[in-house]
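I have placed the structure first, in the form of structure tokens, so that the comments after it can refer back to it.
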2 protein chains.
Amino acid sequence: MGLTKTEIFTAEQNRLSVMLKAMAHPARIAILQQIIKSNTCICGNLVDELGLAQPTISQHLKELKNAGLIQGTIEGVSICYCINPTVWSELQTGLGMLLGSYKDIQTCC
Amino acid sequence: MGLTKTEIFTAEQNRLSVMLKAMAHPARIAILQQIIKSNTCICGNLVDELGLAQPTISQHLKELKNAGLIQGTIEGVSICYCINPTVWSELQTGLGMLLGSYKDIQTCC
DNA sequence: TAAATTAATCGTAATATTGCGATATAAAGA
DNA sequence: TCTTTATATCGCAATATTACGATTAATTTA
């Protein structure tokens, strides 16, 4: 298989899982942190900052872009990436709902 | 390959990515929601609630347990699963740092 | 126009994930 | 003890992910 059965879940569950999967890699977490830190929008210097090859970085950027978390605009020869504010707040809302729904009161387990 | 280069990232980045990967599947999101909703700790009725086979559910539970997000205690014949409060708050902190570090002020992209 | 720079894409190898049928394990009840 | 019930594990097939060398595409500069 290797194929996720998305049809038996809600659109919200599938959407959140797509965003989480995009973030579920140390390189992509590092990329997001870099983009946020260097608020001038980072370009291809990610290859220098992280220790991964250029095609690998490019692929990780693509996945973040596919999930909608980041967006890129052409800036001359290089490309300027930044957080997509809309999707970022969608992520915050979705995660907030899930994480916040648990209240540490149960004495069950 | 298929193998993540964890050695070039920080422990925090790797740890967060492990927790996110555990959550990055609609079935596992659904399982977490069920566990939280039925605060009496859910057991094997997940198989009925979700439309997945028993071995598949068992495997998803294992991955959530491996990431530390849930814990299970034997309750007679069945097993009682619940959220691990410590790891849950670790996750909230880690995600809060990452998500909160972005301020929507940039006019860059 | 030619060279340089930057980033995407192609192709491939190694490994991981997903899903499930079949089977094993372990505790409870007859 | 034998059966039932609840889960875990094994093994497998299909697919996805990760990483990167080689190459391509696009833009800027000489």
Side-chain angles (χ1 to χ4, degrees), chain A residues 1-9 13-14 17-31 34-35 41-67 70-82 109, chain B residues 1-9 13-14 17-31 34-35 38 40-67 70-82 109:
Chain A
M1 292 272 146
L3 182 60
T4 299
K5 272 195 169 178
T6 54
E7 69 274 10
I8 61 173
F9 303 106
Q13 288 166 337
N14 285 318
S17 76
V18 165
M19 293 190 287
L20 288 178
K21 200 197 283 191
M23 295 204 306
H25 191 288
R28 296 197 287 270
I29 290 176
I31 288 174
Q34 273 293 331
I35 290 182
C41 284
I42 209 134
C43 313
N45 37 15
L46 284 163
V47 180
D48 303 320
E49 311 270 355
L50 318 180
L52 289 170
Q54 183 267 320
T56 308
I57 299 284
S58 191
Q59 193 175 292
H60 283 307
L61 286 169
K62 190 181 180 184
E63 276 171 68
L64 288 170
K65 204 159 49 175
N66 283 346
I70 64 172
Q71 56 199 177
T73 44
I74 298 165
E75 195 93 357
V77 191
S78 52
I79 293 183
C80 171
Y81 283 105
C82 65
C109 292
Chain B
M1 292 274 148
L3 182 60
T4 300
K5 270 193 169 179
T6 54
E7 68 275 9
I8 62 174
F9 303 106
Q13 289 166 336
N14 285 317
S17 76
V18 165
M19 293 190 288
L20 289 178
K21 199 195 287 190
M23 296 205 305
H25 191 289
R28 294 196 288 270
I29 290 176
I31 288 173
Q34 273 292 333
I35 291 181
S38 65
T40 63
C41 283
I42 208 133
C43 310
N45 37 15
L46 286 164
V47 180
D48 303 320
E49 311 270 355
L50 318 180
L52 289 169
Q54 182 268 320
T56 308
I57 299 285
S58 190
Q59 194 175 292
H60 283 307
L61 286 168
K62 190 182 180 182
E63 276 170 67
L64 288 170
K65 205 160 48 174
N66 284 345
I70 65 173
Q71 56 198 176
T73 43
I74 298 165
E75 196 91 354
V77 190
S78 52
I79 292 183
C80 170
Y81 282 105
C82 65
C109 288

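Lettering of chains follows the sequences in order, A, B, ..., and the numbering in each one begins at 1.
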Does B/Y81 put a side-chain nitrogen or oxygen below 4.0 Å from OP1 or OP2 of D/dA8? yes
Residue set satisfying side-chain contact (heavy atoms from CB on, under 4.5 Å) with B/C82, at least two apart, ordered chain then number -> A/C109, B/C41, B/Q71
Looking only at D/dT28, D/dA19, D/dT7, the nucleotide nearest the B/I79 side chain is D/dT7
Ranking B/E63 and A/P55 by the position along DNA chain C of their nearest nucleotide, the one closer to 5' is A/P55
What residues 19-29 of chain A contributes to the DNA chain D interface at heavy-atom separation below 4.0 Å is A/K21, A/H25, A/R28
When rounded to whole Å, the CG to C1' distance for the pair B/L61 and D/dA8 reads 11 Å
- Query: What does B/I74 touch in the nucleic acid at a heavy-atom separation under 4.0 angstrom: a base, only the sugar-phosphate, or nothing?
  - Reply: nothing
In whole angstroms, the gap separating C1' of D/dA19 from CZ of B/F9 amounts to 11 Å
Less than 3.5 Å apart, which donor and acceptor atoms pair up between the side chains of residues 19-28 of chain A and the rest of the protein, not counting sequence neighbours?
| from | atom 1 | to | atom 2 | distance (Å) |
| --- | --- | --- | --- | --- |
| A/H25 | ND1 | A/A27 | N | 3.0 |
| A/R28 | NE | A/A22 | O | 2.6 |
| A/R28 | NH1 | A/H60 | ND1 | 2.9 |
| A/R28 | NH1 | A/E63 | OE1 | 3.3 |
| A/R28 | NH2 | A/K21 | O | 3.2 |

With a non-hydrogen cut-off below 4.0 angstrom, is A/I57 in contact with a base, only sugar-phosphate, or nothing? nothing
query = So what does A/Q59 hit on the nucleic acid, given a heavy-atom distance under 4.0 Å: a base, only sugar-phosphate, or nothing?
reply = base
With a 3.5 Å cut-off and sequence neighbours excluded, list the donor-acceptor pairs that the side chains of residues 45-53 of chain A form with protein atoms.
| from | atom 1 | to | atom 2 | distance (Å) |
| --- | --- | --- | --- | --- |
| A/N45 | OD1 | A/C43 | N | 3.3 |

Separation of D/dA8 atom P from B/N66 atom CG, nearest Å, is 12 Å
Item to complete: Assign A/T4 to base, sugar-phosphate, or nothing according to its heavy-atom contacts below 4.0 angstrom with the strands shown.
Response: sugar-phosphate
Outer limits of DNA chain C sitting under 4.0 Å from a non-hydrogen atom of chain B, read 5' to 3', are C/dA13 to C/dA28
Check your understanding: For the base of D/dA8, is there a side-chain donor-acceptor partner from B/Q54 under 3.5 Å away?
Key -> yes
Would you mind classifying the nucleic acid contact of A/S58 as base, sugar-phosphate or nothing, using non-hydrogen atoms under 4.0 angstrom? base
Sorted by chain and number, sequence neighbours left out, side-chain contact (heavy atoms from CB on, under 4.5 Å) with B/K62 holds for B/N66
Shortest non-hydrogen pair, B/L61 vs B/Y81, comes out as CD1-CE1, 3.6 Å
Note: A/T6 and A/N14 closest approach over all heavy atoms is O-ND2, 3.0 Å
